[in-house]
Amino acid sequence: MSIFLTIALLAVLFVASELLRSKPKFEEARPDQLEFPTSTQGRVQPLVWGTCLIKAPNVVWWGDYRQVPIVVKTKTGLFSSSRQVVGFRYYAGIQCGLCRGDSNLKLKAIRVAGKEIWRGSLNGGDTLDINLPTQFGGDTNGYGGLIGRVRFHDGTTSQAVNAYLTTFQTDAGVTPRYQGHAYVVWE
């Protein structure tokens, strides 16, 4: 038997074994059932004097929620691959009540899960675009990140209606302006 015939036979056997071997089974990731804190009726609204840290803003609304699967192509053999759901991206809008309103209020920092994600100064009506997709490890090494627009409302009597909230909070054709209440909306 010649060397070329032996090599050809080995190649045929290798390809046949690769095609006939069982493919690994992957468990698809399932979406988490996220739980948002809710507002507490009758909760005292703080009156802020000076600079202070508001550790637990009151989540008064959340919505616009959706989940999108993260799909990756995984090699299952020499000649084959499979698409696999490895996680989910979650999208939601959140409105957090902060304190009583005042025209001198400024938002100075934002902390999420004990980490400061922004420091600066926002006046009433100002927006901040946050783009930190790997803040908590990203898609592959952790729990994702944060991306979105934050709009700060200082609670003055002349503050405008939040345009994002009008899509979700219109009651009898009117969206509240939340006069006298400082709040942020993650749009």
Side-chain angles (χ1 to χ4, degrees), residues 29 31-70 72 86-170 175-187:
D32 290 332
Q33 296 301 317
L34 298 181
E35 294 182 20
F36 288 90
T38 57
S39 64
T40 304
Q41 188 173 359
R43 182 176 176 182
V44 176
Q45 188 177 36
L47 178 59
V48 173
W49 295 90
T51 301
C52 69
L53 174 64
I54 299 174
K55 290 185 178 181
N58 201 13
V59 176
V60 295
W61 175 86
W62 68 272
D64 195 14
Y65 175 74
R66 65 189 186 283
Q67 53 198 16
V68 177
I70 300 169
V72 297
V86 295
F88 288 83
R89 286 190 186 98
Y90 299 96
Y91 300 87
I94 302 172
Q95 178 186 11
C96 294
L98 300 174
C99 62
R100 294 185 184 191
D102 186 303
S103 61
N104 294 321
L105 280 177
K106 295 191 184 323
L107 184 64
K108 297 284 193 171
I110 298 175
R111 296 174 61 92
V112 175
K115 295 181 179 184
E116 187 173 283
I117 63 165
W118 172 82
R119 179 170 289 279
S121 183
L122 290 181
N123 296 312
D126 287 351
T127 60
L128 166 68
D129 289 323
I130 294 178
N131 188 13
L132 302 168
T134 60
Q135 177 69 28
F136 302 108
D139 289 343
T140 55
N141 298 325
Y143 295 98
L146 297 167
I147 299 174
R149 172 167 286 162
V150 176
R151 187 175 307 271
F152 173 61
H153 295 271
D154 58 9
T156 60
T157 56
S158 62
Q159 81 179 358
V161 171
N162 182 288
Y164 174 77
L165 293 178
T166 58
T167 338
F168 308 100
Q169 293 185 354
T170 302
T175 301
R177 291 192 315 166
Y178 299 102
Q179 297 169 311
H181 305 282
Y183 66 97
V184 293
V185 178
W186 187 278
E187 300 175 357

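Of all heavy-atom pairs between Asp126 and Asn123, the closest is OD2-N, 2.8 Å. For Phe152 against Leu105, the heavy-atom pair with the smallest separation is CE2-O, 3.9 Å. Closest approach of Tyr65 to Ala92, counting heavy atoms only: CD1-CB, 4.1 Å. Leu98 and Pro57 get closest at one heavy-atom pair: CD2-CB, 3.9 Å. Closest approach of Phe136 and Ala113 over heavy atoms only: CE2-CB, 4.0 Å.
Using a 4.5 Å heavy-atom cutoff, the side chains of Leu165 and Trp61 are in contact. Using a 4.5 Å heavy-atom cutoff, the side chains of Tyr178 and Asn162 are not in contact. Counting heavy atoms from C-beta outward, Trp186 and Leu146 have side chains that approach closer than 4.5 Å.
With rounding to the nearest 0.5 Å, the separation of CD in Gln95 from CG in Asn58 is 10.0 Å. Here the CZ atom belonging to Arg151 is positioned 13.0 Å from the CG atom belonging to Leu107, to the nearest 0.5 angstrom. In this structure, Ile130 CD1 and Ile117 CD1 are separated by 3.5 Å, a value rounded to the nearest 0.5 Å. Between the NZ atom in Lys108 and the CZ atom in Arg119 there is a gap of 9.0 Å [rounded to 0.5 Å]. Rounded to the nearest 0.5 Å, atoms OG (Ser121) and CG (Leu128) are 11.0 Å apart. Interatomic distance, Thr156 OG1 to Asn104 CG, rounded to the nearest 0.5 Å: 10.5 Å.
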- Query: Run the side-chain hydrogen bond (donor to acceptor under 3.5 Å, both in side chains) check on Tyr164 and Asp64 step by step: do they pass?
  - Reply: CA-CA 10 Å; Tyr164 174 77; Asp64 195 14; 2.8 Å; yes
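Every residue meeting the salt bridge (Lys or Arg N to Asp or Glu O under 4.0 Å) condition with Arg149, not counting sequence neighbours, appears here in chain and number order: Asp129. In terms of the side chain to side chain contact (heavy atoms under 4.5 Å, CB included) criterion, residue partners of Ile147 (sequence neighbours excluded) are, by chain and number, Asn131, Pro133. The side chain to side chain donor-acceptor pair (under 3.5 Å) check on Gln159 picks up nothing, with sequence neighbours excluded.
Remark: of the listed residues Val185, Val184, Val150, Val184 is the sole one forming a side-chain contact (heavy atoms from CB on, under 4.5 Å) with Cys96.
Judged purely by atom type and a 3.5 angstrom limit, Arg177 uses its side chain to pair as donor or acceptor with the backbone of Thr157.
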